[in-house]
Amino acid sequence: MAKEITPRAENYSQWYNDIVKKAGLADNSAVRGCMVIKPLGFGIWENMKNQLDKMFKDTGHVNAYFPLFIPKSFLSKEAQHVEGFAKECAVVTHHRLMNDPNGTGVIVDPSAKLEEELIVRPTSETIIWNTYRDWIQSYRDLPLLINQWANVVRWEMRTRPFLRTAEFLWQEGHTAHATKQEAIEEAEMIHEVYARFAEDYMAMPVIKGAKTANERFAGAEDTFTIEALMQDGKALQAGTSHFLGQNFAKAFDVKFADNNNKEEYVWATSWGVSTRLVGGLIMTHSDDEGLVIPPRLAPTQVVIVPIPKPNETIMEVAEKLEKQLKAAGVRIKIDRDKKKRPGFKFAQYEMEGVPIRVGIGMRDLEKNVVEVARRDTKEKTSVPVDGLDRYIVDLLETMQNDLFQKAVDYRTAHTSETTDMEEFKGILENKGGFIKAHWDGTTETELKIKEETKATIRCIPNDEEPSDGKCILTGKPSKQRVLFAKSY
RNA sequence: CGGGGCGUAGCGCAGCCCGGUUAGCGCACCUGGUUUGGGACCAGGGGGUCGCAGGUUCGAAUCCUGCCGCCCCGACCA
């Protein structure tokens with residue numbers, strides 16, 4: 001069973017690749033570092049997107065769309081920003097191809113060179129702030145609360161499906177505010193939205209906190225992050241929300257007149273989550289039999305498998321259940337395939353992570369029951385046909401909560417605290433996970449720890465109580481523990 | 001870009017070292033039949049520029065050279 005998936009214990013990254021491939025989430029493509037997102041993978045992303053979009057709109061944001069291309073000159077207007085992204089940009093230099101005069105095929109037409117090269121957006125701050133300059137004159141134009149769903153390109157050296165691809169799908173919010181305080185509140189509010197989404201929908205517990213100066217987004221004054229812990233003990237940065245100060249307003253000369261007609265630069269935020277979340281979802285819940293998807297994001301929540309194959313009596317029960325569950329808002333499908341045997345289908349749906357499987361066969365129907373199997377625990381229960389719809393609706397909810405709790409328990413078991421550098425290294429080596437430790441607050445120390453241990457400061461957690469201590473590396477005084485881990 | 005591995009049917013592999021008829025196996029696929037409560041069985045069948053380009057040779061999947069691509073480990077990163 002599940003004979004095609006490498007066990008996690010044997011080789012975690014191979015396990016991850018196997019899941020992506022065998023469950024049919026994504027394929028490698030003809031383009032280096034770019035994946036084809038298959039219907040199951042895209043279905044999960046669509047559900048994420050729909051929920052997030054609703055949450056953004058509920059908090060006052062609207063969607064818009066900006067160009068894929070950014071004039072090269074824009075990128076150089078914010079010094080920090082260009083430094084952060086310059087090394088990984090795809091550049092458009094020409095606009096035409098021609099037949100190769102020396103043979104077959106096409107070549108770039110040298111006469112079609114662009115006056116100014118275009119950069120395929122790695123993120124859209126620059127083109128958006130260049131546009132905002134024209135949109136903002138007065139405090140009455142603020143706040144401007146805009147989100148866009150888009151693809152971006154970052155020419156990464158090493159890619160992995162969903163976790164790091166050269167092209168990825170994401171949303172990027174870009175907001176403009178009259179005051180510093182309001183912008184900070186916006187960034188914090190979105191930070192909260194991300195955390196709520198991760199925990200309530202992905203069933204993926206996250207630590208909320210601020211990034212250190214060293215780990216901050218290029219061009220940000222403050223970066224808030226949600227950090228999740230994967231099953232191999234490595235951390236995943238799952239979403240970031242940035243307070244950009246007036247950096248972009250100054251770079252793109254975006255000013256507004258306040259109510260005293262005094263000209264001020266605008267305060268900004270930006271924030272994003274990407275298809276990386278799908279990778280986080282996989283690594284949080286899945287097991288050696290395949291994908292496990294939390295019910296709220298599962299493209300198919302319930303599958304009905306007639307045993308051994310569809311007949312009139314079975315289909316009557318199946319279709320009635322389908323109708324009831326659809327009415328209750330459950331995403332359900334009936335497997336009407338007569339060619340494949342039940343055992344094959346069971347294995348297949350387990351691989352694909354469908355949360356609940358309902359097996360309906362004549363033997364059970366004589367006793368007026370069906371078999372309900374849950375994907376997360378592999379538990380099978382005989383459930384009376386009467387009241388089955390209610391049972392399933394409740395079970396989906398239970399599974400959602402159980403998955404979250406299981407992930408919380410894992411994280412708790414893999415969160416350590418230490419004051420000793422050797423112990424710190426030992427924990428990283430043997431157990432992994434989050435480590436809370438004191439830090440003297442300098443980038444120099446942070447980098448030295450990274451060099452020695454490969455661990456980075458994931459965040460300065462919001463809910464960490466202040467406590468006096470000594471930096472784990474330098475012994476200098478520290479007021480608060482920070483969260484270390486190896487990360488993706 | 002450094003270090004390691006690998007490119008042979010959709011997938012997984014054997015053949016290569018030691019060159020020699022028509023390139024093979026398992027899974028998948030197609031047809032027919034028998035099956036059907038945890039990945040069915042039998043029979044028949046289709047599918048290959050052996051990663052690409054050059055070279056050596058009477059003859060290359062096999063030997064030589066160059067290139068390309070992929071995977072794993074590192075540096076970069078969401």
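Within every chain, numbering begins at 1; the chains are lettered A, B, ... in the order of the sequence lines, protein sequences first and strands thereafter.
- Side-chain N/O atoms of A:E350 and base N/O atoms of B:G38 include a donor-acceptor pair closer than 3.5 Å.
- Counting non-hydrogen atoms of other residues, nucleotides and ligands closer than 6.0 Å to CD of A:E319 gives a total above 12.
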N/O-N/O pairs, protein side and nucleotides 43-46 of chain B side, under 3.5 Å:
none

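- With values rounded to the nearest 0.5 angstrom, A:I37 atom CD1 is found 11.5 Å from A:F168 atom CZ.
- Among residues at least two apart or in separate chains, there is no ring-ring contact (aromatic ring centres under 6.0 Å, His included) pair with a member in residues 282-314 of chain A.
- Considering only residues two or more places apart in sequence or on other chains, A:K38 meets the side-chain contact (heavy atoms from CB on, under 4.5 Å) condition with A:D27.
- Nucleic acid contact for A:N11: none, since no nucleic acid atom lies under 4.0 Å from a heavy atom of the residue.
- Among residue pairs with one or both ends in residues 205-225 of chain A, those qualifying as ring-ring contact (aromatic ring centres under 6.0 Å, His included) are A:H81-A:F217, A:F85-A:F217, A:H191-A:F224, A:F217-A:H242; sequence neighbours excluded.
- Looking at residues two or more places apart in sequence or on another chain, you find no side-chain contact (heavy atoms from CB on, under 4.5 Å) involving A:E316.
- Among the heavy atoms of the strands, none lies under 4.0 Å from A:T456.
- Listed by chain and number, the residues in a side-chain contact (heavy atoms from CB on, under 4.5 Å) with A:K486 are A:K234, A:L428, A:K454 (sequence neighbours excluded).
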Could you go over nucleotides 29-35 of chain B and give all protein N or O partners under 3.5 Å, atom names and distances?
residue, atom, partner, partner atom, Å
B:U35, O2, A:R341, NH1, 3.4

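- Dashed line: the shortest gap from a side-chain N or O of A:N17 to OP1 or OP2 of B:C72 is under 4.0 Å.
- A search for side-chain hydrogen bond (donor to acceptor under 3.5 Å, both in side chains) contacts involving A:R196 returns nothing, not counting sequence neighbours.
- Within 4.0 Å (heavy atoms only), A:Q237 reaches sugar-phosphate atoms of the nucleic acid but no base atom.
- Nucleic acid contact class of A:L163 (heavy atoms, under 4.0 Å, all strands): base.
- Residues forming a side-chain hydrogen bond (donor to acceptor under 3.5 Å, both in side chains) with A:K77 (at least two apart in sequence, or on another chain): none.
- A:Y410 is linked by a ring pair (Phe, Tyr, Trp, His ring centres under 6.0 Å) to A:H414, counting only residues two or more places apart in sequence or in another chain.
- Nucleic acid contact class of A:Q14 (heavy atoms, under 4.0 Å, all strands): none.
- At the heavy-atom level, A:F217 lies nowhere under 4.0 Å from the strands shown.
- Under the rule for a side-chain hydrogen bond (donor to acceptor under 3.5 Å, both in side chains), A:Y12 has no partner lying at least two apart in sequence or in another chain.
- In this structure, A:K380 reaches the bases: a heavy-atom distance under 4.0 Å links it to at least one base atom across the strands shown.
- Nucleic acid contact for A:S13: sugar-phosphate only, since backbone atoms but no base atoms lie under 4.0 Å from a heavy atom of the residue.
- Interface residues of residues 80-87 of chain A facing RNA chain B, ordered by number: none; criterion, heavy-atom separation under 4.0 Å.
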